[in-house]
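Below is one structure, written out as structure tokens; comments come after it.
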Protein chains: 2
Amino acid sequence: MTKEIEDAYSFIFEDDLIQEMDEVGTIKSFKENEKIIEIGDNVTSMPLLISGAIKILREDKEGDELLLYFLERGDTCAMTLSCCLGHTKSEIRAVAEMDTTLIMIPIEKMEEWTSKYKSWRNFVFESYHSRLTEMLDTIDTIAFLNMDERLLKYLRDKAKINQNETIQITHQQIAYDLHTSRVVISRLLKKLEIKKKISLQRNSIQVIDL
Amino acid sequence: MTKEIEDAYSFIFEDDLIQEMDEVGTIKSFKENEKIIEIGDNVTSMPLLISGAIKILREDKEGDELLLYFLERGDTCAMTLSCCLGHTKSEIRAVAEMDTTLIMIPIEKMEEWTSKYKSWRNFVFESYHSRLTEMLDTIDTIAFLNMDERLLKYLRDKAKINQNETIQITHQQIAYDLHTSRVVISRLLKKLEIKKKISLQRNSIQVIDL
DNA sequence: CGTGTACAGTAACAATGGTTACATTAATTT
DNA sequence: AAATTAATGTAACCATTGTTACTGTACACG
């Protein structure tokens, strides 16, 4: 068990901390598309990503979704972190983008480690920094880009996260993530296919040149 | 000088820290609409708001702006904080929303105070938390609301920040903040006036019932 | 092998927001 | 007061996105 934690975190944390993580942390695994955190959930432990990937979503009152960003190995969810420290409920939904393993750290350790380990403090600040940057990027995307450009970016990110030129997804699912309708996505995808940037199959999209 | 710092921060920080702030901090004042931080600036000190208000803006490559949020007394800019700690350049522009006084803390003190003062650590985490929340709110607004609703929210926020029912602003300036065109704003404002929610004068808007 | 279901293609139309162009009015300058 | 400038009002039109509705097609399953 220590092995995986070490693989993912040894270059960030000192040995003492990894040791302690191993003692107090619980390993949890999630299947692709399994829900990890729901909006309104009380956050009682802090997830660190060991392997796989997670997508973080926001929802409005009507239940409409919007993809905020993806998290990969070595990442943690600063939103959740923020909730932990502020003892508030989750503002976001987290869904496993693929089969994913996490280590859950009880929130009591947060305070403690923050004073005790410099590497942990740096990790926390570093996480906040990446998440703020990520959020700015999300804002840029929805504020300054048209739907066709957003779709391109989405396909690029998705192919990168899955490390695969072939994206397994339906048009409807993309529409949910980008908060638009299936018809709009189908229309734009078809245009991209005509431009030879992608090739469309049922339930999957082959990235050619984005 | 200590007086103003105390007024704004005594209920958050211990006396030792306030004392130290007073020693190492520099007071800076900005006139309404004066630029405080520009995108790409190297951030060499950390601003804490003593009085007044600041608006934080994002810009795309074409120079189009978008208002992210306002900061008030007792707030700090977590984006700047994040830049300080990560030694990166500013991702945002900060403009004085009204006459504003700041205390600038040299970034060398960040690390030091973070280990030394619990109240400072809490303040930093608290700031990150508020800013993440604020950013989520911004995302909700641009992703889920139409322009008429965004305009309403803008007028509400603006009236609240300025503690004044009469907002001194031109349609063009609102258009910049909301990243749209003047004609669109004039059109929507006129609709709001017809609905008796506001009354329009040249260079100002009177809030009646939002 | 036929049928049902989920997915995708597409046309037609509506709604929202962006653009251009010009008129009108208020403030400022000379 | 006349002239200039800045701000606002408004119409007409365009582009993008959203909606409805219907068709065709791949796939799963009995």
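First the proteins, then the strands, lettered A, B, ... as listed; each starts at 1.
Contact check, T170(B) against dA6(D): no side-chain N or O comes under 4.0 Å of OP1 or OP2. Side-chain N/O atoms of S186(B) include none lying less than 4.0 angstrom from OP1 or OP2 on dT10(D).
Closest-nucleotide positions on DNA chain D for Q173(B) and L188(A) were compared, and the one nearer the 5' end corresponds to Q173(B).
For H171(A), taking side-chain heavy atoms from C-beta onward, the closest of the listed nucleotides dA8(C), dA21(D), dG18(D) is dA8(C). Residue L200(B) places its side chain closer to dG9(D) than to any other of dG9(C), dT20(C), dG9(D). Candidate nucleotides dT10(D), dG18(C), dT10(C) were compared by shortest atom distance to the side chain of V183(A), and dT10(C) ranks first. In this structure, of dG17(C), dT19(C), dA7(D), it is dA7(D) that holds the atom nearest to the side chain of N203(B). Distance from the side chain of R202(A) is smallest to dT25(D) among dA7(D), dT25(D), dT20(D).
M147(A) places its CE atom 14 Å from the P atom of dG17(C), with the value rounded to the nearest Å. Atom C1' of nucleotide dA23(C) and atom NZ of K190(B) are separated by 14 Å, given to the nearest angstrom. Between the CG atom of L178(B) and the P atom of dT16(C) there is a distance of 17 Å, given to the nearest Å. Between the C1' atom of dC22(C) and the CZ atom of R182(B) lies a distance of 11 Å, rounded to the nearest Å. Nucleotide dT20(D) holds its P atom 14 Å from the CZ atom of R187(A), rounded to whole Å. Spacing between atom CD of Q168(A) and atom P of dA8(C) amounts to 11 Å, rounded to whole angstrom units. Atom pair K191(A):NZ and dT10(C):P shows a separation of 13 Å (rounding to whole Å applied). The distance between atom CD of Q201(A) and atom P of dA6(C), rounded to the nearest whole Å, is 22 Å.
Note that CG of L189(B) and CD1 of I205(B) are 4.5 Å apart. Values are rounded to the nearest 0.5 Å.
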- request: Please report the C-alpha distance between D137(B) and Y69(B) in whole Å, then the side-chain angles of each, then the deciding distance to 0.1 Å, and finally whether the side chain to side chain donor-acceptor pair (under 3.5 Å) criterion is met.
  value: CA-CA 9 Å; D137(B) 196 53; Y69(B) 47 77; over 6 Å; no

query: Passes side chain to side chain donor-acceptor pair (under 3.5 Å), S186(A) versus R182(A)? Steps please.
result: CA-CA 6 Å; S186(A) 294; R182(A) 199 269 309 166; 3.1 Å; yes

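Using modelled atom types, one finds a donor on one side chain and an acceptor on the other under 3.5 Å when comparing S199(A) with Q201(A).
Applying side chain to side chain contact (heavy atoms under 4.5 Å, CB included) to L57(A) and the options I92(A), V95(A), I37(A) leaves one that passes, V95(A).
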